Structure formats: structure tokens, C-alpha cells
Amino acid sequence: MSDLTTLLEVGGPVAALGGGAAYARARHPGLYWSTVGLPLSTARLIGSYGSVMEACGLTVAPSRLRVLAVKATSRREVRPVPPRRGIIRPTTTGLRLRLRLAPGQEPADLAASAERLRHAWGVHAVYVTTVKPGVVELRLVGFDVLKRVRMPRKVPSGLLQVPVALREDATPFVRDYLTVPHQLTLGATLSGKSMYLRHLVTGLAHQPVALVGIDCKRGVELAPFAPRLSALATDPDQAAELLPALIREMDDRYDLIKARQGIAPGTPDEEITSDIWGLPERERPVPVVLFVDEVAELFLVATKKEEERRDEMVTQLIRLAQLGRAAGIYLEVCGQRFGAELGKGATMLRAQLTGRVCHRVNDEASAKMALGDIAPEAVSAACAIAPERPGLAVAGDTSGGWSRIRTPYLSLGDAAETCRDSAHLVPDLPALKRFRPDVPVRPVGTSSPVVKPRPVTD
């Protein structure tokens with residue numbers, strides 16, 4: 001009886017501790033990782049590193065000098081040599097460590113064994129990145145960071161850089177317009193495409209940038225951001241007037257660059273430029289970001305007259321995509337589908353859009369439209385996105401690289417409030433002044449509604 005009592009006294013706290021750990025793992029994975037998962041995974045990695053590398057075929061035969069040294073100092077067996085391991089650096093979401101590859105190895109060997117390393121060390125995922133020739137970094141992620149998105153505290157920031165989502169390896173996905181000037185974003189209804197657009201607008205709202213919108217859904221997506229927009233078109237007729245104004249603005253900027261290129265003798269090399277970023281700051285025009293929501297509405301026609309207007313607008317969009325970067329004009333094109341069936345010029349425009357983001361789509365053909373021509377292996381990943389995870393997407397670019405990302409929740413009210421607070425940053429662009437949306441004056445004492453919609457990333 002005394003033994004049973006002692007067992008119950010000891011078993012009660014142990015069961016409570018186990019139950020608490022299970023609850024934390026399900027509801028608070030970050031807390032569970034920091035208290036339980038991190039020590040366990042670190043111990044597994046240190047204790048089994050050599051045997052795991054050997055089992056995965058990531059070891060090489062020792063050098064002749066090493067064989068002679070081992071035989072001279074001990075009688076133990078000479079074992080194959082794994083990649084030399086660096087210091088283990090814990091993070092709030094996982095572990096990082098650098099490996100120096102053994103002679104004859106390449107990063108692809110480690111990437112091919114990432115799934116086996118994940119199971120061996122008890123983590124959610126393992127990612128391999130090249131640091132420099134012969135050195136790679138293993139990024140071990142302890143839990144599914146895309147289940148409840150929490151952006152890192154430290155994210156890259158700068159002009160035309162927006163940390164808009166979180167990658168599956170727990171690093172921020174930054175939309176950098178200077179690196180990827182134009183982008184195509186596809187997604188079905190309720191896929192999270194609008195949430196992605198909100199983060200882009202609010203991230204640019206506090207920067208010295210002109211924001212221009214074309215929203216042919218009568219402005220329901222972009223109208224809440226009107227205080228920060230320099231121009232807004234809410235139907236194809238208005239878009240047909242706005243696009244030529246942007247073309248004229250682009251031509252004026254090229255004239256400014258040409259004037260600077262009238263190189264006089266003795267002109268310093270740093271003053272010779274082929275885009276606006278080489279101009280002196282006092283002469284440099286403000287960058288312009290054009291958001292096109294539901295681009296298919298610009299392509300769909302019903303009459304011969306509308307077809308002529310469509311062809312003209314598509315041509316203007318293609319010109320902006322081809323020539324706009326040097327003039328500081330960048331495109332963000334969004335829609336549900338985007339392919340050759342939209343009409344003449346659609347494929348040519350898509351070819352100019354370097355970045356690609358594909359949310360959940362309704363068919364495989366839509367995923368191929370976004371990713372098939374740059375990363376065919378990413379198409380299956382885009383088709384596997386579940387409706388229960390809005391905001392999840394596959395991001396890629398013309399380099400062939402791709403990754404899964406997810407946008408954190410941002411309510412429409414908070415995004416609109418950010419645009420109202422930054423309305424004073426709207427730059428003065430005379431060419432777009434007549435397209436500036438009318439912003440109603442908010443009565444004094446009003447505030448945002450208390451009841452907010454359910455977070456889409458939960």
C-alpha cells in the first residue's frame with residue numbers, strides 16, 4: 001500500500017507535467033520549443049551527429065594523414081569523416097549551425113538528406129543554404145511557423161522594401177522593388193490575396209513613394225486606402241485615362257535622365273546614370289508603385305469598341321513593365337487567373353513580371369500560369385494549399401527559386417487607419433493630380449469599430 005501511495009504521489013506531478021507539455025506543444029509551440037524542444041533536439045544533434053551523417057551517406061573516407069595519426073595514437077577503428085560542425089546557435093524558432101563540407105561534397109548532398117536529418121533530430125523541417133564555397137548553413141525549424149504567423153522582431157528595412165510575409169524557414173519574405181521591380185500575384189477568392197495586398201500598401205505608406213491603384217471592382221479593395229493614394233481608377237474607363245498619364249510621366253522621367261546624360265567634359269563618373277537612382281537626390285523623382293487588382297477586368301471585353309480600348313491598355317501596361325523600372329515605376333499585378341485566354345498581350349505582360357506569388361487556386365492551370373514557366377516543381381506545392389490556411393502562398397522569381405510563405409493577419413480597419421495617418425506623405429505629382437481620389441473628412445471623435453473579423457491566419 002505504501003508503494004502504491006508513493007507511486008501515485010510521484011505519478012501525479014509527472015502526468016501534470018506531461019499534460020502541460022502536450023498542451024503547450026499544441027497551443028503555444030514557441031514556448032514548448034524554447035523550454036522542451038530546444039534542449040532535446042540539441043542533445044540529439046550533439047550525441048548522434050557523426051552516426052546520422054554516416055547513415056545519410058554524408059561522410060567521406062579519411063585522409064591518409066588522418067589514418068596514420070589515428071593508428072599511431074590509438075587502436076580504435078578509423079571511421080569516415082563527416083562535415084566539420086560549427087557552433088550551434090539556438091533561435092526562437094529552431095537551430096542554426098554551419099558545416100564545412102568535406103572534400104568531394106556539395107550542398108545538394110545535404111539538401112537531398114534534409115528529410116532524414118529532420119526525423120533523426122526531431123525537428124519540424126531542415127533547410128540548407130550556401131554561405132560560401134565549401135560552407136553551408138543548416139537551418140532547423142522546431143515547429144510549423146506558418147500555423148500561427150509571428151513576424152521576426154528584426155526584419156530588413158529600407159526604401160521600397162516591405163517585409164510582407166513569413167517563409168517556412170522562419171525568415172521574413174521581403175518584397176524588394178529595387179531587386180524585383182514587377183510582380184504577379186494570383187489567388188482564388190478567400191485565398192489571402194487581399195491580405196497580401198494590404199501589407200504591401202501599409203508597408204509602403206510610410207515611405208516617400210507614390211501609390212497608384214487600378215481596382216475595377218468599383219474600388220472595394222483599394223478605396224479604403226484612398227487617403228494615401230496619389231491616383232485611383234475604379235473602372236476600365238478611368239483606367240484607360242490613368243494609364244496614358246503614367247506613360248507620359250514615364251516619358252518625362254526619361255527626358256530628365258537624358259538631360260543628365262548630356263555629359264560635359266570633366267563630369268564625375270558617379271553623375272553618369274541610366275535610371276533615376278543615379279540622379280542627384282534633389283532632382284530625383286519620387287518612385288511610383290502601381291497596384292492593379294483583378295487584372296482580368298482590364299482584358300475582358302463585350303463589344304468591338306471595348307476590344308480596342310483593351311488592346312490600348314494592355315499595350316500601355318506592357319510598356320510600363322518593360323520600361324518603368326529605370327523611371328522608378330513598379331507594377332504589382334493581382335488577379336484570380338492570368339493566361340493566354342485573357343486575350344492578346346496577356347502572355348507578353350506576364351513575361352515581364354519577374355516576381356510570382358501564387359495563393360490557393362481553383363485548378364492546376366492557374367498555378368501553371370503563375371509558376372510553370374519559372375519553377376515547374378513549385379506548381380504541385382501551390383496546388384496542395386488547403387482552404388483552411390488562407391494567406392499561405394508559394395513565392396518564386398525568374399531565378400527558379402521558390403518557397404512557401406504566409407501573410408500575418410491585418411484587419412482592413414487597421415490598414416485604412418495607417419493610410420489615413422500617413423496621408424501627409426502623398427507626394428505632389430501634377431500629372432496624376434486629377435486622378436487623386438476624393439477623401440471624405442472623418443468626423444471628430446470617431447474611432448475604429450470594436451468588433452473585428454476573425455483573423456484569417458488562425
Side-chain angles (χ1 to χ4, degrees), residues 155-164 174-184 200-214 225 227-233 241-292 315-333 349 351-355 397-399 419 422-436:
V155 294
S157 61
L159 182 62
L160 292 171
Q161 292 182 343
V162 183
V164 69
V174 179
R175 176 72 176 95
D176 188 350
Y177 288 90
L178 298 179
T179 303
V180 181
H182 312 305
Q183 182 170 276
L184 173 65
L200 284 177
V201 173
T202 55
L204 293 170
H206 294 291
Q207 301 186 21
V209 177
L211 305 181
V212 178
I214 297 178
F225 315 131
R228 185 57 183 85
L229 299 181
S230 297
L232 176 62
E241 298 178 4
L242 174 58
L243 288 174
L246 286 172
I247 294 293
R248 289 192 296 271
E249 176 69 19
M250 182 180 69
D251 292 340
D252 292 342
R253 296 184 177 200
Y254 271 105
D255 290 340
L256 182 63
I257 296 172
K258 285 177 58 180
R260 169 60 60 172
Q261 285 180 330
I263 305 172
T267 301
D269 292 343
E270 60 269 13
E271 293 188 10
I272 302 175
T273 180
S274 60
D275 57 33
I276 66 167
W277 301 109
L279 297 173
E281 189 172 353
R282 63 182 182 278
E283 300 179 14
R284 186 184 307 151
V286 65
V288 177
V289 178
L290 172 61
F291 296 97
V292 182
T315 301
Q316 291 162 348
L317 280 174
I318 292 174
R319 287 194 63 196
L320 288 173
Q322 289 180 333
L323 306 175
R325 185 209 62 81
I329 299 177
Y330 308 96
L331 270 62
E332 197 74 36
V333 180
L349 175 59
Q352 302 296 327
L353 305 177
T354 305
D397 54 48
T398 50
S399 67
C419 291
S422 57
H424 63 284
L425 296 176
V426 176
D428 182 22
L429 289 176
L432 303 179
K433 184 169 292 186
R434 68 189 184 97
F435 300 101
R436 179 80 190 276

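Predicted, not measured: the structure shown is a model, and the values here were computed from it. In what follows, every heavy atom counts, from backbone to side chain, and hydrogens, waters and symmetry copies are set aside.
- The two atoms that bring Leu160 and Leu178 nearest to each other are CD1-CD2, 3.7 Å, heavy atoms only.
- Under a 3.5 Å cut-off, the side chain of Tyr254 and the backbone N or O of Leu323 do form a donor-acceptor pair.
- The shortest heavy-atom contact between His182 and Ile329 is CE1-O, 3.4 Å.
- The closest side-chain heavy-atom distance from Leu331 to Val292 is not below 4.5 Å.
- A 4.5 Å side-chain heavy-atom check between Val174 and Thr179 finds every atom pair outside the cut-off.
- In this structure, CG on Leu317 lies 11.5 Å from CD on Gln322, to the nearest 0.5 angstrom.
- No side-chain heavy atom of Leu184 sits less than 4.5 Å from a side-chain heavy atom of Leu349.
- Taking all atoms of both residues into account, the shortest heavy-atom contact from Gly213 to Leu242 is O-CD2, 3.9 Å.
- Side-chain contact between Leu425 and Val209: absent, with no pair of heavy atoms (C-beta onward) separated by less than 4.5 Å.
- For the pair Pro427 and Ser230, the tightest heavy-atom approach, listed with the atom from each and the gap, is CD-OG, 3.8 Å.
- Annotation: side chain of Arg175 is in contact with side chain of Val180 (closest heavy-atom distance under 4.5 Å).
- Val201 is not listed as a side-chain neighbour of Val289, based on a closest heavy-atom distance of 4.5 Å or more.
- Between Thr315 atom OG1 and Leu320 atom CG the span is 11.0 Å, to the nearest 0.5 Å.
- Rounding to the nearest 0.5 Å gives a distance of 12.5 Å between CE of Met250 and CD1 of Ile276.
- Between Leu429 atom CG and Phe435 atom CZ the span is 12.0 Å, to the nearest 0.5 Å.
- Nearest heavy-atom pair across Pro181 and Arg325 is CB-CG, 3.8 Å.
- Side-chain atoms of Arg319 and Ile247, non-hydrogen and from C-beta on, do get closer than 4.5 Å to each other.
- The closest side-chain heavy-atom distance from Pro285 to Leu279 is below 4.5 Å.
- In Arg253, the CZ atom is crowded: over 12 heavy atoms of neighbouring residues, nucleotides or ligands sit closer than 6.0 Å.
- Between the CG atom in Asp275 and the CZ atom in Arg284 there is a gap of 9.5 Å [rounded to 0.5 Å].
- Arg228 places no side-chain N or O within donor-acceptor distance of the main-chain N or O of His206, the cut-off being under 3.5 Å.
- Taken to the nearest 0.5 Å, the CZ atom of Phe225 stands 11.5 Å off from the CG atom of Leu204.
- The minimum heavy-atom distance between Arg436 and Pro227, with the atom names listed, is NH2-O, 3.3 Å.
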